[in-house]
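Count residues from 1 along the sequence.
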Amino acid sequence: MCGITGWVSYDRNLVSERTTVDAMTDTMSCRGPDDAGTWMAGPAALGHRRLAIIDLPGGRQPMTVETPEGTVALVYSGETYNYTELRRELTGRGHRFGTDSDTEVVLRAYLEWGPALAERLNGMYAFAIWDGRSKQLVMVRDRMGIKPFYYAETADGVLFGSEPKAILANPLARREVSLDGLRELFAFVKTPGHAVWEGMREVEPGTVVTVGESGVRTHVYWQLETRPHTDDKDETVARVRELLDDIVRRQLVSDVPRCTLLSGGLDSSAMTALAARRLRESGETVRSFAVDFVGQTENFVPDELRGTPDTPFVHDVARESATEHQDIVLSSGDLADPEVRSRVIRARDLPMGLGDMDASLYLLFKAIRQHSTVALSGESADEVFGGYKQFFDEEARKAETFPWLVQFARNMGQDSDVLDDSLARALDLPRYVRDSYSSAVSGVQRLEGESDFEYRMRVICHLHLTRFVRVLLDRKDRASMAVGLEVRVPFCDHRLVEYVYNTPWALKSFDGREKSLLRAATADVLPRSVYERVKSPYPSTQDPKYHAALQGNVKELLAKPSHQVFDLVSKDWLKHAVQVETPQITQAGRRGLERVLDLALWIDMYAPTLTLS
């Protein structure tokens with residue numbers, strides 16, 4: 001796992017731009033604390049920061065191969081889980097390897113198959129190849145968008161990086177956010193390709209972007225496709241388990257210590273139990289980690305989002321699977337620390353407004369990194385198997401909008417509540433969401449003979465797998481890589497995603513509950529308590545001290561009336577919010593305070609030019 005960056009400029013020799021290329025590469029130091037490297041030749045420059053996972057001495061980058069027609073150079077971030085099979089095939093085709101790394105397998109696969117190599121990879125990856133033979137840059141991103149990848153076109157080429165900060169370190173980049181960027185920031189709809197920053201784009205998941213002297217072209221090598229599902233219930237459950245066993249086996253491969261993230265929910269518990277069973281075969285014990293808050297279990301109060309605390313279920317799994325377990329217990333002071341908030345925003349390059357949920361994730365990963373370099377996560381199982389409340393909520397099912405927005409509005413309020421009135425009118429978020437929704441559903445293929453209800457559930461699953469999950473995957477990647485931790489997501493294996501996506505909803509919910517297929521496929525390794533537990537979202541602190549700390553931080557901000565954040569948010573809303581008695585602060589109120597503090601810190605750190613008209 002690593003951080004990559006680069007610059008292609010067809011009108012200049014970039015060898016003289018080493019200082020700038022080094023500055024771009026240095027922004028990725030958290031993603032790759034183990035090593036750094038740059039490669040420059042003529043119009044191309046590549047930068048790499050390495051987090052060593054496989055073949056520690058042999059996987060240095062940028063990695064190059066000299067051919068009679070020119071140099072082919074690669075910078076690569078991620079893991080290719082089927083690299084041993086590919087290496088075997090490439091060896092049979094005459095390739096010779098000098099390392100044991102998956103990086104060299106990807107490079108030689110490109111020499112053999114060109115950009116079509118993407119279709120052969122199983123993994124999470126974002127990589128760029130400068131092909132000196134054709135003077136082209138080839139950028140490839142994994143199918144689900146697990147690894148981030150951004151680029152910005154220039155007058156004579158392109159800038160690229162794992163994160164926007166790498167691109168923004170180049171003087172050619174624009175630190176500007178327009179109304180359209182703010183719409184994307186506040187709407188929570190994750191428009192494919194949109195990067196919020198003006199002039200910047202994402203390499204979309206499942207896509208190859210090729211840059212040449214004639215311009216930029218894209219090719220989609222993978223997308224969700226509708227296919228008939230012919231397996232019955234028992235066959236489907238068996239196939240899901242077969243896939244999960246193979247996926248976990250592949251994703252446990254590592255030359256450094258690894259662990260699992262355990263929340264006590266079905267997803268992480270199943271993944272932890274399968275990993276524990278696999279490692280036990282070789283005499284190993286899996287390590288597991290969970291996040292908790294001071295006094296949370298003892299003082300927990302059920303609400304509309306969370307009916308039970310996580311810790312008792314976490315401990316049931318740890319006992320049943322015999323893991324070496326550790327709870328990471330955080331205080332309200334930890335969560336409200338402005339320095340932690342700053343680190344989260346720096347990691348994400350944007351103020352996402354998830355407050356203590358972002359802070360706790362970052363602090364959890366920071367603590368885990370002291371023990372492990374690789375962690376397996378249960379992320380994305382809800383999107384794959386249908387685990388969220390909106391899958392079962394009639395209002396959300398029928399709404400002509402993104403189903404999660406119905407749940408958000410009901411439980412957490414609207415982001416537009418905190419906005420300045422004139423800005424809210426200019427943004428017109430309802431129209432932006434309507435247009436985005438219309439675009440998102442237009443490409444969903446309907447199976448011949450599919451009932452209206454089954455097709456509607458297919459649409460809802462498609463929206464979660466192509467929009468919602470990408471928000472969470474980006475959050476997971478940024479928070480983990482900010483501390484040099486690689487988090488793997490077994491449930492994002494494209495084989496599993498394709499298979500379950502095309503399973504009818506009647507099978508996905510055959511017992512009338514969420515994630516029926518996953519529960520049935522892993523029943524033999526789960527504690528009964530977890531098997532029967534109702535879905536609970538990522539934990540959030542209930543401590544009034546955290547709410548009080550938020551109010552205190554906002555009062556300090558209000559004492560700076562000339563701060564640029566007040567071009568975006570309503571002072572009247574804030575003044576009222578800081579006067580509310582702490583026990584009376586709602587989920588919506590708290591989220592509003594967190595959003596404003598994030599915006600203010602982002603403006604302080606990035607000094608963006610905000611174009612509000």
Side-chain angles (χ1 to χ4, degrees), residues 141 143-145 148-151 164 176-207 218 220 223-224 226 348-354 380 382-383 388-391 393 395-419 423-446 455-475 501 568 591 595 599 610-613:
R141 192 176 182 195
R143 295 169 179 82
M144 292 294 290
F149 203 176
Y150 296 83
Y151 70 99
E176 180 181 345
V177 177
S178 67
L179 279 176
D180 200 44
L182 290 174
R183 290 183 182 107
E184 187 67 18
L185 184 62
F186 288 111
F188 212 87
V189 298
K190 196 64 182 77
T191 303
H194 207 304
V196 177
W197 296 97
E198 196 72 6
M200 195 181 298
R201 288 189 59 79
E202 282 188 313
V203 177
E204 292 188 33
T207 299
T218 62
V220 176
Q223 58 187 347
L224 277 179
T226 297
R348 301 198 69 176
D349 295 307
L350 292 171
M352 300 307 295
L354 294 179
S380 80
D382 284 309
E383 290 80 8
Y388 294 116
K389 287 185 176 181
Q390 57 262 26
F391 283 95
D393 183 320
E395 181 185 357
R397 280 173 166 176
K398 295 177 179 178
E400 291 297 309
T401 189
F402 297 98
W404 54 88
L405 296 184
V406 176
Q407 286 285 324
F408 285 0
R410 186 182 300 154
N411 297 314
M412 304 178 72
Q414 304 275 10
D415 271 350
S416 56
D417 293 343
V418 307
L419 296 177
L423 177 62
R425 288 192 295 271
L427 291 176
D428 193 2
L429 291 177
R431 171 175 286 188
Y432 185 75
V433 170
R434 284 196 303 271
D435 290 346
S436 182
Y437 175 77
S438 177
S439 174
V441 301
S442 63
V444 184
Q445 304 161 312
R446 185 167 186 166
Y455 176 64
R456 178 58 187 166
M457 295 312 297
R458 179 182 295 279
V459 168
I460 290 174
C461 291
H462 194 282
L463 292 173
H464 281 82
L465 289 166
T466 59
R467 297 297 186 100
F468 190 71
V469 76
R470 294 179 185 175
V471 177
L472 300 183
L473 290 172
D474 185 75
R475 170 178 177 256
Y501 171 67
L568 303 178
R591 186 161 181 258
R595 169 65 92 176
L599 283 166
L610 301 176
T611 307
L612 305 180
S613 60

[X] versus [Y], closest heavy-atom pair with distance:
X: L419; Y: F186; result: CD2-CZ, 3.6 Å
X: L568; Y: L612; result: CD2-CD2, 4.0 Å
X: T401; Y: V433; result: OG1-CG1, 3.5 Å
X: A396; Y: R456; result: O-NH2, 4.0 Å
X: Q445; Y: L224; result: OE1-O, 4.2 Å
X: R410; Y: E395; result: NH2-OE1, 2.5 Å

Just wondering, do [Y] and [X] contact through their side chains at under 4.5 Å, heavy atoms?
X: F408; Y: F188; value: yes
X: M144; Y: P205; value: no
X: H194; Y: D180; value: yes
X: Q390; Y: I460; value: no
X: L185; Y: R595; value: yes
X: R201; Y: Y151; value: yes
X: H464; Y: V469; value: no
X: Y150; Y: V203; value: no

Using 0.5 Å steps for rounding, measure from the [atom1] atom of [X] to the [atom2] atom of [Y].
X: L405; Y: F468; atom1: CG; atom2: CZ; value: 9.0 Å
X: L472; Y: K190; atom1: CG; atom2: NZ; value: 11.5 Å
X: L465; Y: D382; atom1: CG; atom2: CG; value: 11.0 Å
X: T226; Y: Y455; atom1: OG1; atom2: OH; value: 8.0 Å
X: L429; Y: E184; atom1: CG; atom2: CD; value: 10.5 Å
X: D393; Y: Y388; atom1: CG; atom2: OH; value: 15.0 Å

Would you say the side-chain atoms of [X] pair up with the backbone N or O of [Y], donor to acceptor, closer than 3.5 Å?
X: R183; Y: L427; result: yes
X: S442; Y: S439; result: yes
X: R397; Y: P403; result: no

With sequence neighbours excluded, tell me which residues meet salt bridge (charged side-chain N to carboxylate O under 4.0 Å, His left out) with R467.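 Residues passing salt bridge (charged side-chain N to carboxylate O under 4.0 Å, His left out) with R467: none at all.
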Please walk me through it: do T191 and Y432 pass side-chain contact (heavy atoms from CB on, under 4.5 Å)? CA-CA 10 Å; T191 303; Y432 185 75; 3.5 Å; yes
Only one of V444, V189, V441 forms a side-chain contact (heavy atoms from CB on, under 4.5 Å) with L463, so which one is it? V441
Charged N to carboxylate O below 4.0 Å: is that the case for E204 and R470? no
Salt bridge D474-R348, side-chain N to carboxylate O under 4.0 Å: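 Salt bridge flag = yes for R348 with D474.
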